[in-house]
Amino acid sequence: MVGVVLVSHSAAAANAVAELAKALTGGGVDVPVAPAGGGPDGGLGTSSDLIAAAARSVDRGVGVAILADLGSAVLTVKALLADDELPAGTRLVDAPFLEGAVAAVVTSSTGAAIDAVEAAAGEAYTYRKL
């Protein structure tokens, strides 16, 4: 299965979104999902070490989709990708954080390839609430 990493400036937010996304798969499949939230000191921020460790922990050899919440989280992931510090097949996915995470995790739970996981997460931009 495609691994999913959720990068947030807040450890609590990353953990909560990971928990929600996994719960919405119905619990029948153990999707490799890892939160990578907060800075190196545990406060708000981002940590390249936490992100890289999370990506390695969910890598099953078929790709890792990373979703990030805000600007510097995106920049940190881009820097890690540019420096080849993430597993082969890792992608930064352009998607809304919560809805995209749910779509990515649910799609991964079906055994879909990284392209499908990325597409499902990106399609979350079109979800309408009214």
Side-chain angles (χ1 to χ4, degrees):
M1 269 185 266
V2 172
V4 179
V5 175
L6 304 173
V7 180
S8 174
H9 285 71
S10 162
N15 290 333
V17 171
E19 181 181 322
L20 175 63
K22 287 194 286 189
L24 292 175
T25 66
V29 179
D30 190 21
V31 179
V33 180
D41 62 355
L44 293 177
T46 57
S47 164
S48 57
D49 290 337
L50 287 175
I51 296 166
R56 285 190 300 272
S57 77
V58 299
D59 181 25
R60 302 296 184 268
V62 294
V64 174
I66 298 182
L67 288 85
D69 64 355
L70 300 170
S72 63
V74 172
L75 294 175
T76 302
V77 173
K78 285 183 175 182
L80 288 166
L81 286 166
D83 292 340
D84 290 324
E85 294 186 37
L86 298 174
T90 298
R91 298 182 187 179
L92 175 60
V93 175
D94 184 16
F97 191 64
L98 174 59
E99 293 92 337
V102 170
V105 171
V106 169
T107 303
S108 177
S109 76
T110 69
I114 184 81
D115 289 340
V117 171
E118 181 175 23
E123 287 172 12
Y125 276 125
T126 66
Y127 296 172
R128 303 288 307 169
K129 297 182 173 97
L130 290 179

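Count residues from 1 along the sequence. All values reported here derive from a predicted model rather than from experimental measurement.
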Student: Which residue is it: Leu75, Leu92, Val7, Leu86? I am looking for the one with a side chain to side chain contact (heavy atoms under 4.5 Å, CB included) to Leu80.
Tutor: Leu86

Student: How many angstroms lie between atom OG of Ser8 and atom CG of Leu70, to the nearest 0.5 angstrom?
Tutor: 7.0 Å

Student: How far apart are the closest heavy atoms of Ala113 and Val2, and which atoms are they?
Tutor: C-CG2, 3.8 Å

Student: Kindly give the heavy-atom pair with the smallest separation between Ala101 and Ala21, and that separation in Å.
Tutor: O-CB, 4.0 Å

Student: Please find the pair of heavy atoms, one from Tyr125 and one from Asp94, that lie closest to each other, and give the distance.
Tutor: OH-OD1, 2.8 Å

Student: Would you confirm whether Ser108, through its side chain, and Met1, through its main-chain N or O, come within 3.5 Å as a donor-acceptor pair?
Tutor: no

Student: Distance check, rounded to the nearest 0.5 Å: Glu19 atom CD versus Leu6 atom CG?
Tutor: 12.0 Å

Student: How close do Val117 and Ala112 get, counting heavy atoms only, and between which atoms?
Tutor: CG2-O, 4.1 Å

Student: Just wondering, do Val74 and Lys78 contact through their side chains at under 4.5 Å, heavy atoms?
Tutor: yes

Student: Can you name the closest pair of heavy atoms from Ala54 and Pro35 and give their distance?
Tutor: CB-O, 4.2 Å

Student: Same cluster for Ile51 and Val58 if Ile/Leu/Val/Met/Phe/Trp/Tyr side chains link at under 4.5 Å?
Tutor: yes

Student: Tell me whether Leu98 is reachable from Val5 by hopping between hydrophobic residues (I, L, V, M, F, W, Y) whose side-chain heavy atoms are closer than 4.5 Å.
Tutor: no

Student: How close do Ala121 and Ala104 get, counting heavy atoms only, and between which atoms?
Tutor: CB-CB, 4.1 Å

Student: Decide yes or no for Val62 and Ile114: does some side-chain heavy atom of the first lie under 4.5 Å from some side-chain heavy atom of the second?
Tutor: no

Student: Have a look at Val102 and tell me which of Thr107, Leu24, Val17 forms a side chain to side chain contact (heavy atoms under 4.5 Å, CB included) with it.
Tutor: Leu24

Student: When you measure from the side chain of Ser109 to the backbone N and O of Val106, does any donor-acceptor pair fall under 3.5 Å?
Tutor: yes

Student: With sequence neighbours excluded, give me every side-chain hydrogen bond (donor to acceptor under 3.5 Å, both in side chains) pair touching residues 82-92.
Tutor: Arg91-Asp115, Arg91-Glu118

Student: Is there a path of hydrophobic side-chain contacts, each under 4.5 Å between heavy atoms, that joins Tyr127 and Phe97?
Tutor: no

Student: Would you say Asp49's side chain and Pro40's backbone share a donor-acceptor pair under 3.5 angstrom?
Tutor: no

